[in-house]
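Here the structure is laid out as structure tokens; the discussion comes afterwards.
Reminder, nothing fancy here: chain letters follow the sequence lines and each chain counts from 1.
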Amino acid sequence: MSAENKDVDKETLRKKLPITYDKKTQLPLWRDVRTLTLNYTISVGKIFPFFEKLAEGKILAIKCKHCGELYFPPQVDCPKCRKSEVDWIELSGEGELETYTLIKIKPQSFSHYDDYVIAIGRLKEGVRVLAWLRVDDISKIHIGMKIKLVVSERLPESYLVYEFVPAEE
Amino acid sequence: MVIPLRNVAIVGVGHSKFGRRVDTSLPELTWEAIKEALNDAGISQEDIEFVSLGNIGVWSSEVSPGAAILEYSGLIPKEFIRVETACSSGSAAVKAAYMAIASGSADIAMALGAEKMNEVDTPRGVEILARIGNYFWEFENFGPTFVGYYAFFATAYMHKYGATEEDLAKIAVKNHYYASFNPKAHFPKKITIEDAMGSPYIAWPLKLYDCSPISDGAAAVIFASEKIAKKLTDSPVWIRAIEGATATSNHSKRENFLSIPSTRIAAEKAYKRAGIDRNNPVKHIDVVEVHDCFTIAEIIAYEDLGFVRKGEGYKLAREEQTYIGGLIPVNLSGGLKAKGHPIGATGVSMIVELTKQLQQRVEKERQAPIEHGTALAHNVGGTGHYVFVTILSLSKP
């Protein structure tokens, strides 16, 4: 039996039945013997410059060459113009905090992090960004405060992301 | 061009007990609702021509659950579609069945909503729910939960209008109060303001008692054309409007966190089709079910549906104006908060509840006085990614 079956009752295991009993109701539950682990590969070829420039500490958005619409998250197709001629532009990162929350109960795949603040900031270019806001003391956070979007290294995975930090007032 | 639609009547409703239903499989659970609806309509499976199902799955083992449910329930070989619009999938199923009748494609159709969320443990359930937001640009790097997404709205709303956490708690207290009279509710028990205020934060400023639970449940509604409805029932409930709208996947593309724009658009369209004054809809409506997946969502819904002006929704909660006898009674079923929120079942469950409210056959403690013969259901997928507003009436369009 697999690791998933650790909670299977010894007596039922002896009868060769993968049965566990619900802790609250004692009702029998079939403990699935087939385990599926999902990990996706997501195509980023069309927006690859965004990731290349992260390594240089830059955060890029896309501007449609025809109508001037600014896209963040970046997308290479302008649905307004139905055209795909775009410029990559570097965002200043300077913005204001619009709203935020402190996540106490985390998704399972985020359970190894300390509690984190997720913020939505509006950058001076007009686009909004959702990202973590790195602060020592959450009581110092307030709507309207100046924040800056920066590239940082996410630990323990050691990969590049962007996050907000309080701006020097 | 206005396409002439046929009138669509509700002729039977069914509803399973909502809760942590580890005693049933998904087909067994759905059959509870189907059986009740068939009995209520006084028809057999053979009479059904079309079946739609609102279901998200992922947390349940059956990848394509439609055929398993149809087989178990004796509904093979009926035409079937499954629909997905996150937490409003049930309303999408209602719309599909409605359109089957309205278009003339079928004379009797059934909408199902069913969800078995407890086939995985709570951490995995929270993870799957969180992935309903934009996966790559929100979830992958920043791990918001659904409570977190609604916390964006709570933070911004309380800052702008001066609403308090206690105002939010009053929504939970009201919905638990009515759930205590609903034997099919997940949590049929009253709570106090102190219970709600003392519960732990899940995503600040929202606490445990601001949140709907992870529930299993199923609901079923049978629709018929006017000609068939007359043969089946003396008291049909008519669909006067079912209208939908959408909002951006990325929360960073929302204009603000004070309003759900898709609710406003869907409501406007539904009011227009049903002939309801958008500037004062409460004068036409007896009873409402709104999408209170989190307490803040109910308060914002009061405003987006036009019951009060922008920024005044929390006052309805504070002054207890959405109990029976107030301005407009809301969520007399217990709402998602206390009746439970088996994602795909919720939209269908709202129609079951309001049909019974209009026919005055719910428990007396939670029966709204029916004067206008009109009810409204508001069902939100995500944080307004998808919204449906449905108007039901005792009078034919």
Side-chain angles (χ1 to χ4, degrees), chain A residues 21-30 32 34 36 38 40 42-44 47 71-75 97-113 115-123 127-133 138 141-144 152 154 157 159-163, chain B residues 20-25 58 61 118-131 133-160 200-208 211 249-258:
Chain A
Y21 292 90
D22 181 59
K23 286 188 183 73
K24 286 181 192 159
T25 61
Q26 301 310 310
L27 286 162
L29 298 169
W30 179 275
D32 195 354
R34 313 293 161 198
L36 171 66
L38 285 173
Y40 300 98
I42 297 163
S43 300
V44 294
I47 53 167
Y71 289 101
F72 190 92
Q75 61 179 70
L97 179 63
E98 281 204 343
T99 191
Y100 64 98
T101 180
L102 172 69
I103 303 290
K104 305 282 285 184
I105 303 293
K106 302 165 199 110
Q108 190 178 43
S109 60
F110 283 76
S111 58
H112 58 294
Y113 299 117
D115 293 353
Y116 45 87
V117 173
I118 310 177
I120 298 220
R122 183 181 163 90
L123 304 189
V127 292
R128 292 179 180 79
V129 176
L130 178 149
W132 284 7
L133 170 58
I138 69 150
I141 303 174
H142 59 92
I143 287 177
S152 66
R154 176 67 59 79
E157 294 87 354
Y159 75 106
L160 295 179
V161 293
Y162 47 87
E163 67 179 0
Chain B
R20 193 170 168 275
R21 293 297 307 274
V22 291
D23 58 319
T24 60
S25 70
V58 188
S61 51
N118 283 297
E119 281 191 14
V120 295
D121 57 19
T122 299
R124 284 183 176 85
V126 169
E127 169 103 16
I128 296 163
L129 279 167
R131 291 176 176 224
N134 187 275
Y135 184 79
F136 187 63
W137 292 98
E138 295 184 337
F139 185 83
E140 173 76 3
N141 294 324
F142 307 115
T145 56
F146 241 84
V147 197
Y149 286 129
Y150 273 95
F152 285 155
F153 288 84
T155 303
Y157 185 94
M158 295 194 308
H159 175 80
K160 171 93 175 175
Y201 286 110
I202 304 296
W204 182 91
L206 297 179
K207 297 185 280 294
L208 180 64
C211 304
S249 170
N250 277 289
H251 288 83
S252 62
K253 296 212 168 179
R254 299 294 176 87
E255 280 303 309
N256 63 58
F257 297 90
L258 304 168

Looking only at B:F153, B:F152, B:Y135, the option with the highest number of non-hydrogen pairs under 4.5 Å against chain A is B:F152
If one checks every heavy atom of B:E119 against chain A at 4.5 Å, the contacting part turns out to be neither
Ranked by heavy-atom pairs below 4.5 Å to chain A, first place among B:G143, B:A151, B:P123, B:A130 goes to B:G143
- Query: Given side chains that start at C-beta, do those of B:T145 and A:I103 come closer than 4.5 Å, heavy atoms only?
  - Reply: yes
Turns out that what part of A:I42 lies under 4.5 Å from chain B's heavy atoms comes down to side chain
Turns out that what part of A:V161 lies under 4.5 Å from chain B's heavy atoms comes down to side chain
With sequence neighbours left out, the residues meeting salt bridge (charged side-chain N to carboxylate O under 4.0 Å, His left out) with B:R254 are none
Across all chains, not counting sequence neighbours, the salt bridge (charged side-chain N to carboxylate O under 4.0 Å, His left out) partners of B:D23 are B:R21
When B:Y149, B:W204, B:F257 are each screened for ring pair (Phe, Tyr, Trp, His ring centres under 6.0 Å) with A:Y100, the one that passes is B:W204
The interface call for B:F136 against chain A, heavy-atom contacts under 4.5 Å, is side chain
Query raised in the report: Going through the checks in order, is the side-chain hydrogen bond (donor to acceptor under 3.5 Å, both in side chains) test met by B:N141 and A:Y159?
Result: CA-CA 10 Å; B:N141 294 324; A:Y159 75 106; 2.8 Å; yes
- Message: Under 6.0 Å between ring centres: does that hold for B:F142 and A:Y113?
- Response: no
When the 4.5 angstrom heavy-atom criterion is applied to A:Y116 and chain B, the contacting part is side chain
Which of B:K253, B:E255, B:H251 passes side-chain contact (heavy atoms from CB on, under 4.5 Å) with A:R128? It is B:E255
If one checks every heavy atom of A:S109 against chain B at 4.5 Å, the contacting part turns out to be both
Check: Mind checking whether A:L29 and B:V22 have side chains closer than 4.5 Å, heavy atoms only?
Finding: yes
